[in-house]
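Before any comments, here is the structure.
Both counts, for ligands and for their atoms, begin at 1 and track the order of listing.
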Amino acid sequence: MKTLAIVVPCYNEEETIHPFLEACQAVERQMANQLTFNYYFVNDGSKDRTLEVLRQVSKQFENVHYLSFSRNFGKEAGLLAGLEAAQGDYVTVMDADLQDPPELLIEMYAKIQEGYDVVGTRRADRKGEPPIRSLFAKAFYWLINKISDTEMVDGARDFRLMTRQVVDAILELKEVNR
Ligand code: UDP
Ligand code: MG
């Protein structure tokens, strides 16, 4: 059986960890014949009870693991520590606030099995966002794509599924922000 590591950076997520885990576990059950799930939560120096909640869920479920930073280092640092800790044939990185729908993992894994090394996600629209934020986001992507040679995709998220080979390659990079 192949294994999937789910890496989740957490900053002040005491209220979202339980709903997040429940949503993932529903997908875990649907995929039980294909994949074994392991969770790697990273507490990024939260000021609320995130660490207590993580301690509790890691006791309750043997496939839930956590790391904890002594202070806030930012999401990138949390992701990196999580990727370094994550064991498994495949690794996905997800936000704790359910803005990344865990149900998508089913389709993403199907794509990986077609032979892709990375399956990324993007928002197709900006529904539910304040119009002023959408306007500035649109302006930002228009401008950055004018001045940069590297295409930046509007709505692209960090939520992605990667093979072990890709994760190992990322971990070899020396940049501060991968
Ligand atoms: N996060 C983190 N450290 C930070 C800020 C955020 O680990 O300093 C985590 C946060 O808990 C969430 C993810 O990164 O799981 C995305 O954060 P947020 O939802 O605030 O970002 P946005 O949705 O605005 O991109
Ligand atoms: Mg968010």
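Looking at Asp95 against ligand 1, both its backbone and its side chain come within 4.0 Å, counting heavy atoms. The parts of Lys75 lying near ligand 1 are both backbone and side chain, judged by heavy-atom distances below 4.0 Å. When heavy-atom distances to ligand 1 are checked against a 4.0 Å cut-off, Val42 has no atom that comes that close, whether in backbone or side chain.
For Tyr66 and Tyr40, the ring centers sit 6.0 Å or farther from each other.
Judged purely by distance below 3.5 Å, without hydrogens or angles, the side chains of Glu13 and Asn43 never pair a donor atom with an acceptor atom. Defined by atom type and a distance below 3.5 Å, a donor-acceptor pair is present between the side-chain atoms of Gln56 and His18.
Every atom of ligand 1 is numbered from 1 in the order shown, and the set under 4.0 Å from a heavy atom of Gly74 is 3 (N), 8 (O). Close contacts between ligand 1 and Asp97 involve ligand atoms 19 (O), 23 (O) [criterion: under 4.0 Å to a heavy atom]. For ligand 1, the atoms sitting less than 4.0 Å from at least one non-hydrogen atom of Glu13 are 10 (C), 11 (O), 12 (C), 15 (O), numbered in the order shown with element in parentheses. Residue-ligand proximity, Asp44 to ligand 1, at heavy-atom distances under 4.0 Å covers atoms 2 (C), 3 (N), 4 (C), 7 (O), 8 (O).
At least one donor-acceptor pair closer than 3.5 Å links the side chain of Asp44 to the backbone N or O of Gly74. A donor-acceptor pair under 3.5 Å is formed between the side chain of Asp97 and the backbone N or O of Gln99. A donor-acceptor pair under 3.5 Å is formed between the side chain of Arg122 and the backbone N or O of Asp154. Between the side chain of Arg160 and the backbone N or O of Val93, no donor-acceptor pair lies under 3.5 Å. Asn145 places a side-chain N or O within 3.5 Å of a backbone atom of Met152 that can act as its donor or acceptor partner.
Among protein heavy atoms, the minimum distance from atom 24 (O) of ligand 1 is reached at Arg133 NH2, 4.6 Å. Looking only at protein heavy atoms, the nearest one to atom 9 (C) of ligand 1 is Pro9 O, 3.5 Å. If you check which protein heavy atom lies closest to atom 23 (O) of ligand 1, you get Gln99 OE1, 2.7 Å. Among all protein heavy atoms, the one lying closest to atom 8 (O) of ligand 1 is Asn72 ND2, 3.1 Å.
By the definition of a contact as any protein heavy atom under 4.0 Å away, atom 15 (O) of ligand 1 is in contact. For atom 21 (O) of ligand 1, the nearest protein heavy atom lies 4.0 Å away or farther. At least one protein heavy atom sits closer than 4.0 Å to atom 1 (N) of ligand 1.
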**OP:** Give the C-alpha distance, both sets of side-chain angles, the deciding distance and a yes or no for side chain to side chain contact (heavy atoms under 4.5 Å, CB included) between Ile106 and Met31.
**Re:** CA-CA 7 Å; Ile106 296 167; Met31 298 184 83; 3.9 Å; yes

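Looking at Gln165, Met162, Glu84 one by one, the single match for side chain to side chain contact (heavy atoms under 4.5 Å, CB included) with Ile170 turns out to be Met162.
Here's the thing with Met94: none of its N/O atoms is less than 3.5 angstrom from an N/O atom of ligand 1.
Among Phe69, Phe20, Tyr11, the residue whose heavy atom lies closest to atom 6 (C) of ligand 1 is Tyr11.
Within a 6.0 Å sphere centred on CZ of Arg133, other residues, nucleotides and ligands contribute 12 heavy atoms or fewer.
Taking the Mg ion (ligand 2) as reference, Asp97 places its N/O/S atom OD2 nearest.
Judged by a 6.0 Å distance limit and a 45° cone about the ring axis, Arg71 is not positioned over the six-membered ring of Phe69.
The shortest separation from a heavy atom of Cys10 to ligand 1 is under 4.0 Å, placing the residue in contact.
With a cut-off of 2.8 Å, the Mg ion (ligand 2) has no N, O or S atom of Asp95 in range.
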